[in-house]
Amino acid sequence: MPELPEVEAVRRQLVALILDRTVERVRVHRRDVVRDPRGRRQGRLAGEQLGVDRVIRSIDRRGKQLIIEFDDDRGLVIRLGMSGRIESGDAKRRRSVPLHRHVAWTIAGGSDRPAIRMEFIDPRRFGGVHLFEGSEDRDQRVLRNLGPEATLIDGKALGERLKGSRRAIKAVLLDQQVLAGIGNIYADESLFRSGIRPDRPAVDLSALELERLARSIRTTLGLAIDAGGTTLRDHRLPDGSAGTFGSGHLAYGRSGQPCTRCQRPMTACVVAGRSTTWCESCQA
DNA sequence: AGGCTAACCTGGCAGC
DNA sequence: TGCTGCCAGGTTAGCC
């Protein structure tokens, strides 16, 4: 589910809620969603590895991954996979426990504010929580092989990343080693906005087209972030609200519906093994 | 190199 | 109502 805009919207809410606060305790309800610093899903987990008694020093994002760092240089990389989400709220408030809640942190309150509950919920369990020991371990082991941030890409840099590949441009956009953050929704949206067919060999794009595509990527992601992302089903912001960018989709999920530019029906096909929607007359 | 498939999982929905 | 099959925001491994 969550691509860069969804994760970024989650990150922004978390910053407002828990940055610079102390982790009071953590409960792991499903051990195998957590990978320890050796990449294992089994074995003993000390609370301190998940931040207990540590101050949350930073909350960052790299591509689709959320990065929470503690004041002892350890931290977590949270991958939301297809159906993962972070839920956050007043720890004292009683409510029914969400289904598929795998990890729960309690963030200490103070005299002026309540303790906060932060939970990792993921029905399909394609996501997970990866523990790291320090910035070097984080970059070399957990976040390795990620391309540059899609929000920052320009035409020239995009061209350099493609390295003359003959792969379909959509396949390349989905490749996190080439560019970090784009998934199926925003690939279709960016290609539609730039008027480029999803199955064009990347190497065939002109400098002008690369510039247009890069600009479309930045614009699309920016609008989506501001809207809190796209909620198809599972995506929620930590406060429980839904992302509203779905109503701004021009391509994704609109197969058979009239193109917003030319009114002809949008076409569905499969590119890079993913369902793809595009307009045969507006995208060349 | 890269395309294709299956696998990892649960749940929602359409169709019968 | 209830069953079956298909589909889904992602990623990885294995095979040609």
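For clarity, every value in this text was computed on a predicted model and none was experimentally measured. Below, chains carry the letters A, B, ... as their sequence lines are ordered, and counting in each starts from 1.
- Dashed line: the shortest gap from a side-chain N or O of A:K64 to OP1 or OP2 of C:dG9 is not under 4.0 Å.
- Counted within 6.0 Å of CG on A:D53, heavy atoms from surrounding residues, nucleotides or ligands total 12 or fewer; the atom is thus considered open.
- Of the possible polar contacts, none joining the A:E87 side chain to the A:I121 backbone as a donor-acceptor pair under 3.5 Å is found.
- For the OP1/OP2 pair of C:dG9 and a distance below 4.0 Å, the side-chain nitrogens and oxygens of A:T231 include no atom meeting the criterion.
- Here the CD1 atom belonging to A:I78 is positioned 7.5 Å from the CG atom belonging to A:L14, to the nearest 0.5 angstrom.
- Tested against A:E119, the residues A:R27, A:R236, A:R95 include a single salt bridge (Lys or Arg N to Asp or Glu O under 4.0 Å) partner, A:R95.
- Donor-acceptor pairing under 3.5 Å is recorded for the side chains of A:E69 and A:S58.
- Note: CG (A:L146) to C1' (C:dT11) measures 12 Å, nearest angstrom.
- Atom P of C:dT1 sits at a distance of 25 Å from the matching atom of B:dT10, rounded to the whole Å.
- Checking each of A:R141, A:R79, A:R35 against A:H130 for a side chain to side chain donor-acceptor pair (under 3.5 Å) leaves exactly one that passes, namely A:R79.
- Between the P atom of C:dA8 and the CG atom of A:D122 lies a distance of 18 Å, rounded to the nearest Å.
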Show me the protein contacts with nucleotides 14-16 of chain C, counting only N or O atoms at under 3.5 Å.
none

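- A 6.0 Å sphere centred on CZ of A:R25 holds no more than 12 heavy atoms belonging to other residues, nucleotides or ligands.
- Look at CD on A:Q177: it is 13 Å from C1' on B:dG2, rounded to the nearest Å.
- Remark: side-chain polar atoms of A:R212 are not paired, donor with acceptor, to backbone N or O of A:R193 under 3.5 angstrom.
- Listed by first residue number, the stems of DNA chain B with at least three Watson-Crick or G-U pairs below 3.5 Å are B:2-8 with C:10-16, B:10-16 with C:2-8.
- Rounded to whole Å, the distance from CG on A:L174 to C1' on B:dG2 is 14 Å.
- Among the heavy atoms of the strands lying under 4.0 Å from A:Y252 are primed sugar atoms or P, OP1, OP2 only; no base atom is included.
- Atom CG in A:L4 sits about 11 Å away from atom P in C:dT11, given to the nearest Å.
- Atom name C1', nucleotides B:dC9 and C:dG2: the rounded distance is 23 Å, in whole Å.
- Residue A:L66 contributes atom CG, which lies 16 Å from atom P of C:dG10 at whole-angstrom precision.
- A donor-acceptor pair is defined here as one N or O able to donate and one able to accept, closer than 3.5 Å; no such pair exists between the side chain of A:S190 and the backbone of A:A187.
- Counting to the nearest Å, the C1' atom of C:dT12 and the CZ atom of A:R41 are 12 Å from each other.
- Remark: A:S165, A:R167 in residues 157-168 of chain A come within less than 4.0 Å of DNA chain B through at least one heavy atom.
- In summary, A:R167 and A:D175 engage in a salt bridge, as defined by a charged side-chain N under 4.0 Å from a carboxylate O.
- The side-chain hydrogen bond (donor to acceptor under 3.5 Å, both in side chains) pairs that include a residue from residues 273-284 of chain A are A:K170-A:T276, A:R264-A:S281, A:T267-A:E280, where partners are two or more places apart or lie in different chains.
- The P atoms of C:dG10 and B:dA1 are separated by 24 Å, rounded to the nearest whole Å.
- One finds a salt bridge joining A:R74 and A:D72 here, because a Lys/Arg side-chain nitrogen approaches an Asp/Glu carboxylate oxygen to under 4.0 Å.
- In this structure, A:Q65 and A:L146 have side chains that are in contact, with non-hydrogen atoms separated by less than 4.5 Å.
- Rounding to whole angstrom units, CE of residue A:M82 and P of B:dA7 are separated by 16 Å.
- Between the side chain of A:H102 and the backbone N or O of A:D32 there is no donor-acceptor pair closer than 3.5 Å.
- Using a 4.0 Å heavy-atom criterion, one finds that A:G183 contacts the sugar-phosphate atoms exclusively.
- At the phosphate of C:dG9, OP1 or OP2 sits under 4.0 Å from a side-chain N or O atom of A:R274.
- Judged as a side-chain hydrogen bond (donor to acceptor under 3.5 Å, both in side chains), and not counting sequence neighbours, the contacts of A:R57 are A:D73.
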Write out a two-atom table: protein N or O, nucleotide N or O from nucleotides 9-13 of chain B, distance below 3.5 Å.
residue : atom : partner : partner atom : Å
B:dC9   : O3'  : A:R125  : NH2          : 2.9
B:dC9   : O2   : A:R124  : NE           : 2.8
B:dC9   : N3   : A:R124  : NH2          : 3.4
B:dT10  : OP1  : A:R125  : NH2          : 2.9
B:dT10  : O3'  : A:H100  : NE2          : 3.1
B:dG11  : OP1  : A:H100  : NE2          : 2.8

